[in-house]
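Numbers for residues simply follow the sequence, beginning at 1.
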Amino acid sequence: MEDAAGNPIIGADSASYNPNMLASQHIADKKRGEMHWSYTFSQLPVDKPYYLVIDGYLVKERDGHQVTFDPAHADYPIHFDSMGDYLELGAYRINHEGDDPARPLEGTFPVTGTVRNGLGDDEYIAVDEQGRRYKVNGRGAYTLMPDSHSAGIVLSEVAYEDDSDMGYELRVQELDRVPEQLTFIRAKTMRWYGNTDAKIKIQELKSKGENRLEKK
């Protein structure tokens, strides 16, 4: 939301925690091929015009991009570039799940790079030389710098010797060995669209003597 001068009032992006966004909902209407977004805000202006500005949006889409390599002898980093995302997978390691020695082992890749699209709802799959499939989860910290051209996600290097800066990893669940061959697949991703150029004027009028708002 922006005021008449173009100054931001409140936002619904994922770059930072926003206490004035009370609720949000994203629903796909598969029959009509539509996405429905709903946001509930507090602290919006009353008796002053403001504007709903849509800089961009994310929609979950199929990807299917994949790379195949030998984890023990690969020339790292492995480049994984798709849909405007540029990722580098670092050397494969075996770690305990959640870095807890009491939990099972799993394979891990430190990841660096830039992500134009979304990150949290990506779906990755790993397939070993025997055709067995493994679920892959992302874990760690990243930086958000969104704009009208990109979701603006920057992945930093994992610092294994410094627990204060874990960076970002992709973790292959239940893969507790170094496979002879691994195929890494991104099945789905949240694709960014910044082609909206939408700005809608909103005016709320507070009725005298009543706790009622009218929008026009």
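- For the pair Glu88/His79, a side-chain contact is recorded, criterion being any heavy-atom separation below 4.5 Å from C-beta on.
- With sequence neighbours excluded, no residue satisfies ring-ring contact (aromatic ring centres under 6.0 Å, His included) with Tyr51.
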Step-by-step ring pair (Phe, Tyr, Trp, His ring centres under 6.0 Å) determination, His65 to Tyr124: CA-CA 10 Å; His65 183 70; Tyr124 287 95; over 10 Å; no
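- Listed by chain and residue number, nothing satisfies the side-chain hydrogen bond (donor to acceptor under 3.5 Å, both in side chains) test with Arg191 (two or more places apart in sequence, or in another chain).
- Here the closest heavy-atom approach between residue Ala126 and residue Val136 is recorded as N-CG2, 3.8 Å.
- When every heavy atom of Ala141 is checked against every heavy atom of Ser156, the shortest pair comes out as O-OG, 4.4 Å.
- Formation of a donor-acceptor pair under 3.5 Å by the Asn137 side chain with backbone atoms of Gln173 is not found in this model.
- Heavy-atom neighbours of Gln181 CD from other residues, nucleotides or ligands within 6.0 Å: above the threshold of 12.
- The number of heavy-atom neighbours closer than 6.0 Å to NE2 of His73, taken from other residues, nucleotides and ligands shown, is 12 or below.
- Looking at every heavy atom in both residues, Gly138 comes nearest to Leu170 through CA-CD2, 3.8 Å.
- At least one donor-acceptor pair under 3.5 Å links the side chain of Tyr76 to the backbone N or O of Pro71.
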Trace of the side-chain contact (heavy atoms from CB on, under 4.5 Å) decision for Leu44 with Ile202: CA-CA 11 Å; Leu44 285 172; Ile202 299 174; over 6 Å; no
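- Looking at Arg177 and Glu129, a side-chain N of the basic residue comes within less than 4.0 Å of a carboxylate O on the acidic one, giving a salt bridge.
- Here the side chain of Arg186 pairs no donor or acceptor atom with the backbone of Phe80 at under 3.5 angstrom.
- Atom NZ of Lys48 is surrounded by 12 or fewer heavy atoms from other residues, nucleotides or ligands within 6.0 Å.
- Taking the six-membered ring where tryptophan is involved, the planes of Phe109 and Tyr92 are tilted, since the angle between them lies from 30° to 60°.
- Residues Lys199 and Val53 form a side-chain contact, since some pair of their non-hydrogen atoms from C-beta on lies under 4.5 Å apart.
- By the 4.5 Å heavy-atom criterion applied to side chains, Asp121 and Leu58 are not counted as neighbours.
- Listed here is the closest heavy atom pair of Asp128 and Pro179: CB-CB, 4.2 Å.
- In the model, Asp63 has no side-chain atom that pairs as donor or acceptor with a side-chain atom of Thr189 under 3.5 Å.
- Atom CG of Asp85 and atom OG1 of Thr114 lie 7.5 Å apart (nearest 0.5 Å).
- Each of Ile125 and Leu89 belongs to its own hydrophobic cluster when Ile, Leu, Val, Met, Phe, Trp and Tyr are linked at side-chain heavy-atom distances under 4.5 angstrom.
- Looking only at side-chain heavy atoms (C-beta outward), Asp3 and Pro45 stay at 4.5 Å or farther from each other.
- The shortest side-chain heavy-atom distance between Trp192 and Val115 does not fall under the 4.5 Å cut-off.
- Surrounding CG of Asp75 are at most 12 heavy atoms belonging to other residues, nucleotides or ligands under 6.0 Å away.
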Working for side-chain contact (heavy atoms from CB on, under 4.5 Å), residues Arg171 and Thr108: CA-CA 4 Å; Arg171 305 179 74 104; Thr108 66; 3.8 Å; yes
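- Taking a cutoff of 4.0 Å between a charged side-chain nitrogen and a carboxylate oxygen, Glu174 and Arg132 qualify as a salt bridge.
- Here the side chains of Leu52 and Met1 are in contact, with some heavy-atom distance below 4.5 Å.
- When all heavy atoms are compared, the tightest approach of His96 to Glu106 is O-OE2, 4.3 Å.
- Rounding to the nearest 0.5 Å gives a distance of 11.0 Å between CG of Leu182 and CD of Gln66.
- Taking both residues in full, the closest heavy atoms of Ile94 and Gly107 are given as CD1-CA, 4.2 Å, listed atom of the first, atom of the second, then distance.
- Grouping the Ile, Leu, Val, Met, Phe, Trp and Tyr side chains by contacts below 4.5 angstrom, directly or via other members, places Tyr86 apart from Leu155.
- Under the 4.5 Å side-chain heavy-atom criterion for grouping Ile, Leu, Val, Met, Phe, Trp and Tyr, Met21 is connected to Ile200 within one hydrophobic cluster.
- In the hydrophobic clustering of ILVMFWY residues, with side-chain heavy atoms under 4.5 Å counting as a link, Tyr193 and Trp37 come out together.
- Side-chain contact check for Met190 versus Asn117: every heavy-atom pair is 4.5 Å or farther apart.
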Trace of the side-chain contact (heavy atoms from CB on, under 4.5 Å) decision for Ile78 with Phe184: CA-CA 10 Å; Ile78 302 295; Phe184 203 74; over 6 Å; no
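- Under the 4.5 Å side-chain heavy-atom criterion for ILVMFWY residues, no single connected hydrophobic cluster contains both Ile185 and Leu119.
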